[in-house]
Amino acid sequence: MRLGSGLFLLTLVCCSSPRKTGVEEQGTWEPLPTGAGPGAGLQVATVFDGQDVLLWGGLGGCTVNGVCGDGARFDLTARTWTPLSSQGAPAARTLHTAVWTGQRMLVWGGVGCGERPQTPCGDGAAYSPSTDSWSALSAQGAPSPRGWHAAAWTGRWMLVWGGEEPQQARVLGDGARYDVEAGTWTPMSAVGAPGARRYHSTVWTGQALMVWGGSGGATKDVALRDGAAYFPDSDTWRPLSSEGAPQGRWAHTAVWTGTRMIVWGGLGCGGDGQDPPRYCEGGAVYDPLQDVWLPLSGKDAPSPRTGHSAVWTGTRMIVWGGASSKCGSGGACSDGAAYDPTTDTWTPLGTQGAPSARAGHAGVWTGDSLFIWGGMGSGGSEVALSDGALWVP
């Protein structure tokens with residue numbers, strides 16, 4: 001279903017119980033303190049600044065539209081929450097993006113900036129943790145208002161690409177570069193760019209923004225199986241090979257290992273037009289130097305799902321939570337696994353002390369732990385969760 005705020009959810013039907021394996025589980029869980037976190041629990045924009053986890057905006061019943069315009073930071077050393085200043089902060093919204101520049105969190109776009117829940121946002125702001133203050137981003141030359149887009153930090157620019165204009169039910173295939181020092185936007189070239197899409201994945205490789213998959217429809221999702229790499233220094237695109245690529249999908253995840261992109265999970269996979277859409281089995285690894293795709297092992301992997309979190313630790317991809325038809329009577333998952341690309345093997349994560357089952361939560365790697373916050377639990381309830389945990393290997 002599509003909520004008024006623009007969140008995409010599924011009505012889930014359980015058909016089997018979670019898989020059991022003989023592989024030893026890894027890691028331990030520590031619950032986060034509650035009561036002082038952000039107001040939102042769904043679609044919260046999240047970054048790690050090297051010391052604190054910063055969360056802002058999202059869904060949580062903060063306004064009539066359900067969108068929130070507040071945030072909080074979690075100090076990993078002290079295990080404490082501190083509210084972010086609201087002075088100068090952007091208007092409440094969801095389906096926005098946030099990137100960390102090394103000094104500031106840049107928030108841009110989203111949905112909910114008006115009396116109507118579907119009103120898209122075309123503005124943003126920068127938050128400085130050192131001064132607990134916000135400053136508006138320039139609007140001149142910015143991309144058109146949108147949600148469901150992707151953003152990445154290159155070390156110089158924030159790249160914004162794709163998404164949807166919900167009032168016109170139109171997917172977008174354009175974007176722009178924001179130069180933080182100059183405070184200016186520059187359109188990204190359209191020559192060789194992928195087709196318009198939302199729910200796509202992106203990773204920053206250090207040289208290029210790789211875009212892959214997504215949905216090419218706004219009123220009816222259409223799974224895409226293509227992508228391209230954007231090089232901001234030359235403002236050029238290069239298509240990614242489709243040979244050996246995973247099945248077309250949307251609402252999947254992707255991580256960058258330092259040399260390769262790993263795509264996993266999502267919806268679609270040959271099931272365009274189905275209600276509910278099909279969950280995607282497995283994923284693949286893309287090597288940009290060779291322009292080739294390699295399959296991932298499915299042995300001991302998590303069940304097919306969407307709405308999960310996926311992070312790169314420096315050696316492994318960690319997948320946790322999400323929504324799946326194989327995750328119990330409510331459809332939300334409380335399990336996960338670690339994927340080692342050097343051995344092409346999965347190891348289940350420990351479940352003792354893990355957060356309750358959820359999808360659409362925030363998940364970020366802090367350097368030594370996986371931070372999980374919020375999400376939506378089992379049973380189809382539209383109430384956002386306001387708790388979380390840290391998983392330590």
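Below, each value reflects all heavy atoms present in this structure, side chains not excepted, and no hydrogens, waters or symmetry copies.
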Between [X] and [Y], is there shared hydrophobic-cluster membership here, with clusters defined by ILVMFWY side-chain heavy atoms closer than 4.5 Å?
{"X": "Leu55", "Y": "Leu76", "value": "yes"}
{"X": "Trp204", "Y": "Trp237", "value": "yes"}
{"X": "Trp157", "Y": "Tyr230", "value": "yes"}
{"X": "Trp100", "Y": "Val44", "value": "no"}
{"X": "Trp293", "Y": "Leu296", "value": "no"}

Item to check | Partner of Trp161 under side chain to side chain contact (heavy atoms under 4.5 Å, CB included), chosen from Arg197, Arg177, His149, Arg146 | outcome: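 Of all the options given, the one that passes is Arg197.
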Checklist entry - If you measure only the distance, is there a donor-acceptor pair under 3.5 Å linking the side chains of Thr306 and His252? => result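 Note: Thr306 and His252 side chains miss the donor-acceptor criterion.
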Checklist entry - Going by atom types alone, do Asp221 and Tyr199 pair a side-chain donor with an acceptor below 3.5 Å? => result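 No donor-acceptor contact under 3.5 Å links the two side chains.
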Checklist outcome for this item: Residues passing the salt bridge (Lys or Arg N to Asp or Glu O under 4.0 Å) test with Asp132, sequence neighbours excluded, are none
Checklist entry - Which residues pass the salt bridge (Lys or Arg N to Asp or Glu O under 4.0 Å) test with Arg156, sequence neighbours left out? => result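 For Arg156 the salt bridge (Lys or Arg N to Asp or Glu O under 4.0 Å) partners, ignoring immediate neighbours, are Asp179.
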Item to check | Verdict with reasoning, Glu243 to Asp291, per side chain to side chain contact (heavy atoms under 4.5 Å, CB included) | outcome: CA-CA 9 Å; Glu243 184 176 354; Asp291 192 26; over 6 Å; no
Item to check | Arg73 side chain vs Leu84 backbone, donor-acceptor pair below 3.5 Å | outcome: no
Next on the checklist: Below 30° counts as parallel, above 60° as perpendicular, anything between as tilted: where do the rings of Trp56 and His96 land?
Outcome noted: perpendicular
Checklist entry - Which of parallel (below 30°), tilted (30 to 60°) and perpendicular (above 60°) describes Phe371 and Trp81? => result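 Perpendicular, since the angle between the ring planes exceeds 60°.
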Could you tell me if the side chain of [Y] sits less than 4.5 Å from the side chain of [X], heavy atoms only?
{"X": "Val319", "Y": "Trp346", "value": "yes"}
{"X": "Leu59", "Y": "Val67", "value": "yes"}
{"X": "Ser386", "Y": "Thr34", "value": "no"}
{"X": "Phe74", "Y": "Arg79", "value": "yes"}
{"X": "Ser128", "Y": "Gln103", "value": "no"}
{"X": "Leu390", "Y": "Leu370", "value": "no"}

Could you tell me the separation between the [atom1] atom of [X] and the [atom2] atom of [Y], rounded to the nearest 0.5 Å?
{"X": "Asp335", "Y": "Glu25", "atom1": "CG", "atom2": "CD", "value": "9.0 Å"}
{"X": "Thr347", "Y": "Asp300", "atom1": "OG1", "atom2": "CG", "value": "7.5 Å"}
{"X": "Leu385", "Y": "Ile372", "atom1": "CG", "atom2": "CD1", "value": "12.0 Å"}
{"X": "Thr94", "Y": "Trp148", "atom1": "OG1", "atom2": "CH2", "value": "9.0 Å"}

Next on the checklist: Using side chain to side chain contact (heavy atoms under 4.5 Å, CB included), reason through Ser309 and His361 one step at a time and then give a plain yes or no.
Outcome noted: CA-CA 7 Å; Ser309 56; His361 50 282; 3.1 Å; yes
Could you go through residues 205-214 and list every donor-acceptor pair under 3.5 Å that involves a side-chain atom there, pairing it with any protein atom two or more places apart or in another chain?
| unit_1 | atom_1 | unit_2 | atom_2 | d |
| --- | --- | --- | --- | --- |
| Thr205 | OG1 | Gln207 | N | 3.1 |
| Thr205 | OG1 | Ala208 | N | 2.9 |
| Thr205 | OG1 | Ala208 | O | 3.2 |

Next on the checklist: Around atom CD of Gln167, are there more than 12 heavy atoms from other residues, nucleotides or ligands closer than 6.0 Å?
Outcome noted: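 Yes - once you tally the heavy atoms of other residues, nucleotides and ligands closer than 6.0 Å, there are more than 12.
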Item to check | With Arg238 via side chain to side chain donor-acceptor pair (under 3.5 Å) - residues at least two apart | outcome: none
Checklist entry - Between Cys327 and Arg305, does a side chain to side chain contact (heavy atoms under 4.5 Å, CB included) hold up when you go through it step by step? => result CA-CA 9 Å; Cys327 280; Arg305 62 191 63 188; 3.8 Å; yes
Checklist entry - Can you name the residues that form a side chain to side chain contact (heavy atoms under 4.5 Å, CB included) with Asp287, not counting sequence neighbours? => result Arg260, Leu289, Gln290, Val292
Checklist entry - Residues sharing Leu137's hydrophobic cluster, by side-chain heavy-atom contacts under 4.5 Å among ILVMFWY, directly or via others? => result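 Other cluster members: Val99, Leu106, Trp108, Trp153, Met158, Val160, Tyr178, Val180, Trp185.
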Next on the checklist: Can you confirm whether or not the ring centre of Trp29 sits under 6.0 Å from the ring centre of Trp320?
Outcome noted: yes
